[in-house]
Amino acid sequence: MILDKEAEMQRKLKIEPIEGSYNSYVVNEKEKRDWSGNIYLVCVAAILAIAFFT
């Protein structure tokens, strides 16, 4: 998060009952990946590689 800006995070929750217990559940949470940082990094690396080999 950047100051004063909230990013919406999409989460997937998987709720499973615990075996051998009554009314107890395990909550497994998986966040959706944010690929924008990785795409930016690949672009910068490609520009540097092109500049190096030229």
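When the side chains of ILVMFWY residues are joined at heavy-atom separations under 4.5 Å, either directly or via intervening members, Leu13 and Tyr25 end up in a single hydrophobic cluster.
By the side chain to side chain contact (heavy atoms under 4.5 Å, CB included) test, Ser24 pairs with Ile18, Ser21, sequence neighbours left out.
A side chain to side chain contact (heavy atoms under 4.5 Å, CB included) with Val44 holds for exactly one of Ile47, Val42, Leu48; it is Leu48.
Here salt bridge (charged side-chain N to carboxylate O under 4.0 Å, His left out) pairs that include residues 15-25, with residues two or more places apart or in two chains, are Lys14-Glu16.
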